[in-house]
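Since the structure comes first, as structure tokens, the remarks are kept for the end.
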Number of protein chains: 4
Amino acid sequence: MQDRPDDKYSRILNASIEVISEKGLEKSSVSEIVKKAGIAQGTFYLYFSSKSDLVPAIANSLLTKILDRMKRKVQGAESFWSTLDAVIDETFKVTDEHKDIIVLVYSGLAVKHSLEKWEEVYRPYYEWLEVEISKAVQKEEILPDINVKWTSRTIINLIENAAERYYIGGERDESLTVYKEELFKFIRKSLITD
Amino acid sequence: MQDRPDDKYSRILNASIEVISEKGLEKSSVSEIVKKAGIAQGTFYLYFSSKSDLVPAIANSLLTKILDRMKRKVQGAESFWSTLDAVIDETFKVTDEHKDIIVLVYSGLAVKHSLEKWEEVYRPYYEWLEVEISKAVQKEEILPDINVKWTSRTIINLIENAAERYYIGGERDESLTVYKEELFKFIRKSLITD
Amino acid sequence: MQDRPDDKYSRILNASIEVISEKGLEKSSVSEIVKKAGIAQGTFYLYFSSKSDLVPAIANSLLTKILDRMKRKVQGAESFWSTLDAVIDETFKVTDEHKDIIVLVYSGLAVKHSLEKWEEVYRPYYEWLEVEISKAVQKEEILPDINVKWTSRTIINLIENAAERYYIGGERDESLTVYKEELFKFIRKSLITD
Amino acid sequence: MQDRPDDKYSRILNASIEVISEKGLEKSSVSEIVKKAGIAQGTFYLYFSSKSDLVPAIANSLLTKILDRMKRKVQGAESFWSTLDAVIDETFKVTDEHKDIIVLVYSGLAVKHSLEKWEEVYRPYYEWLEVEISKAVQKEEILPDINVKWTSRTIINLIENAAERYYIGGERDESLTVYKEELFKFIRKSLITD
DNA sequence: GATGAATGAGTGTTCATTCAT
DNA sequence: TATGAATGAACACTCATTCAT
């Protein structure tokens with residue numbers, strides 16, 4: 001429904017991403033968001049039931065964007081290892097580009113009672129990687145004695161954390177290349193060792 | 001300063017942990033904290049320069065507590081693998097006990113300009129594990145071709161993330177034991193494979 | 001206009017009686033009323049010029065209902081005393097059934113500049129009792145040296161107040177029967193004493 | 001406590017009487033009240049827990065004032081009849097002077113769940129008249145077969161209603177003197193008839 | 001007549017912070 | 001140091017009303 005990027009819903013969503021990634025949810029005011037979106041104060045509440053309602057919407061929008069990019073990049077990958085490589089690469093890129101939103105989404109969803117939404121939002125991403133891992137198992141690229149579901153989640157979190165530590169936490173003792181290689185090796189070893 | 005647990009500083013810190021872990025930083029009021037601490041409104045500002053000043057103090061207090069526990073548990077461990085086992089175990093326990101503070105610290109520190117503090121707070125923990133890893137390399141328990149610093153950080157984050165996914169994110173498809181074993185194997189493989 | 005109970009006007013009126021007697025005028029919203037009435041927001045303003053326009057309409061509707069009931073009950077009363085008895089009885093019943101609307105009408109009409117409407121709304125009721133009193137005077141049931149107009153208003157208010165004190169104010173020191181008898185005697189004495 | 005008329009509590013109370021009697025509770029804003037009281041917005045909430053908290057306070061203040069006046073006027077009255085006369089007189093005067101507050105108190109207390117307060121506020125007044133009536137019974141000025149408690153309440157309401165109808169409802173078919181005489185006679189007859 | 005999306009003014013209340021004592 | 005009364009800016013949310021269709 002919210003396809004055209006200039007319908008009211010999208011106008012609000014985009015404005016809120018701008019504003020909230022700059023200042024955090026609590027410090028952002030609805031009035032600033034609507035001003036930026038060019039709509040009236042009351043109109044906001046026709047599309048979102050409350051300010052905090054924005055966070056899952058933003059998270060969802062980001063995740064959708066990320067997953068699309070992943071899929072596109074990974075298309076025609078020869079092996080699971082080039083898929084993994086692409087996922088690492090893309091995650092670092094996305095993290096760099098969207099630092100602000102990621103931090104926001106983290107802190108926003110990390111609020112009590114919103115945590116269930118986290119899983120919900122991430123699920124498509126998790127499930128996509130599950131499929132890739134399963135295919136790799138079948139092609140005997142990686143060992144079969146792993147828990148696919150658990151491993152999918154763990155890998156995604158591992159990569160995202162590393163990227164966040166690099167770009168957001170300021171942990172830059174190594175070059176980016178070394179950082180990513182280290183990560184690749186770490187995961188690979190875990191998947192091919194008996 | 002905060003040695004005696006009933007000096008004003010500690011009274012404020014403990015009260016704020018109680019209040020803030022319950023409701024989050026923004027929803028908590030200084031007035032509620034001082035009421036719980038049994039001091040006057042103005043006294044708060046003799047010990048903390050602002051409300052947001054509390055978060056690093058809380059984070060620090062938690063990390064100190066965690067690191068103490070780790071060290072105690074790991075004392076006299078025969079091999080790196082029993083150390084790793086203990087770290088995993090302890091992390092899960094701590095995460096379970098202190099869900100609320102962890103979420104708070106996450107969301108609190110995740111706000112822009114506070115992220116540098118994160119590294120600072122975690123550093124002693126990271127460094128402690130670095131030492132343990134180095135010892136393991138020397139004892140030839142794990143392979144030498146790893147980046148110790150990077151690996152220390154990665155392992156800690158990996159374990160914490162898994163624990164958070166289990167206790168906070170509600171990802172409980174597997175039993176706790178299986179979950180922890182999976183994690184142990186995942187890390188071990190990465191450290192012993194060439 | 002409001003004859004058929006399902007034309008738009010009546011639908012709005014009935015919905016607003018439900019909603020407003022529940023929550024009071026200020027706390028009730030037009031949007032809730034129109035939702036209950038099953039019409040569109042804008043349609044409301046085709047029938048009422050504003051929200052506060054509802055109160056006299058509701059008051060009128062209630063008074064009409066009450067007066068109808070009075071007349072029916074009193075039909076064929078042998079003496080003024082049985083009329084008075086019926087009026088007391090009926091007022092108590094109506095007050096009990098419509099506590100909410102009565103309170104609303106009181107507080108709604110009690111706002112400055114709305115008080116003239118009060119007299120207007122009550123007039124038919126007052127006048128009906130004037131006629132009854134006059135007949136009683138002629139039949140020499142009550143003494144002639146009273147001001148009929150004033151007495152009519154006073155009696156109605158006296159009875160209504162007693163009923164309100166009983167049902168709304170919670171003044172229930174006596175049984176309902178005693179209460180009504182006391183009232184009857186009080187009025188009767190005033191009318192037959194020289 | 002709120003004796004001196006220029007402590008904060010009294011300043012708020014007096015300002016709110018001015019503002020609210022002019023516009024009604026809902027139409028009055030706290031911001032207007034504090035402006036008139038010459039205090040800061042937040043200070044209001046140190047003395048009243050909410051805007052609606054003002055109504056019982058105002059009612060109480062008015063009733064106290066009324067009761068004081070009654071007692072003073074009635075001091076040294078020779079008979080119950082001169083007491084009654086004074087009560088009628090004073091009620092009409094007070095109603096004239098404080099029309100606005102009376103209307104406000106009516107509409108404000110008439111809101112659901114506030115009605116219990118009504119009785120509470122009026123109780124001292126009711127009880128004072130009960131004592132006067134009892135004395136009159138003992139002095140055999142009025143007949144003993146009445147319910148003192150019920151009669152006290154009824155007389156007060158009767159007089160107040162008549163005064164309100166005269167001053168607020170605009171029912172002025174008769175001169176004020178006639179109006180009050182009529183009332184006196186009506187009550188007197190009820191009290192002396194067997 | 002009927003609709004309902006859009007408006008934007010309006011408000012009670014909270015709360016971090018200050019400061020005179 | 002310690003207090004706590006006073007401050008006043010800030011804000012989410014509501015809702016009566018309008019108007020293009």
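Sequence lines set the chain letters: A, B, ... in the order given, protein chains first and strands last, and positions in each chain run from 1.
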Note to self: Taking the basic N atoms (NZ, or NE/NH1/NH2) and the acidic carboxylate oxygens, is any pair closer than 4.0 Å for Glu22(A) and Lys27(A)?
What the structure shows: no
Notebook entry, point to check: Is the base of dT7(F) touched by the side chain of Gln41(D) through a donor-acceptor pair closer than 3.5 angstrom?
Noted result: no
Next item on the list: Could you work out which one of dT3(F), dC11(F), dG4(E) sits closest to the side chain of Ile39(B)?
Entry: dT3(F)
Check: Think Tyr47(D) has a side-chain N or O under 4.0 angstrom from the OP1 or OP2 of dA6(F)?
Finding: yes
Next item on the list: Would you kindly compare Val30(A) and Ala40(D) by the position of their nearest DNA chain F nucleotide and give the one closer to the 5′ end?
Entry: Ala40(D)
Notebook entry, point to check: Which of these nucleotides, dT17(F), dT3(E), dA6(E), is closest to any side-chain atom of Lys51(C)?
Noted result: dT17(F)
Next item on the list: May I ask you to evaluate whether Tyr45(A) reaches the phosphate of dT7(E), defined as a side-chain N or O under 4.0 Å from OP1 or OP2?
Entry: no
Item checked: Ser52(C) vs Gly42(A), nearer the 5' end of DNA chain F by closest nucleotide -> Gly42(A)
Next item on the list: May I have the distance from Leu46(A) (atom CG) to dT18(F) (atom C1'), rounded to whole angstrom?
Entry: 14 Å
Check: Across all strands, who's sitting opposite dA20(F) as a Watson-Crick or G-U wobble pair, both distances under 3.5 Å?
Finding: dT3(E)
Check: Does the side chain of Lys8(C) get closer than 4.0 angstrom to OP1 or OP2 of dG1(E) through an N or O atom?
Finding: no
Next item on the list: Assess the side chains of Asp53(B) and Ser50(B): does a donor N or O sit below 3.5 Å from an acceptor N or O?
Entry: no
Check: Does dC15(F) pair with anything, Watson-Crick or G-U wobble, both distances under 3.5 Å, and if so, with which nucleotide?
Finding: dG8(E)
Next item on the list: Assign Ser28(A) to base, sugar-phosphate, or nothing according to its heavy-atom contacts below 4.0 angstrom with the strands shown.
Entry: sugar-phosphate
Notebook entry, point to check: If only side-chain N and O atoms of Thr43(B) are considered, is one of them under 4.0 Å from the OP1 or OP2 phosphate oxygen of dT3(F)?
Noted result: yes
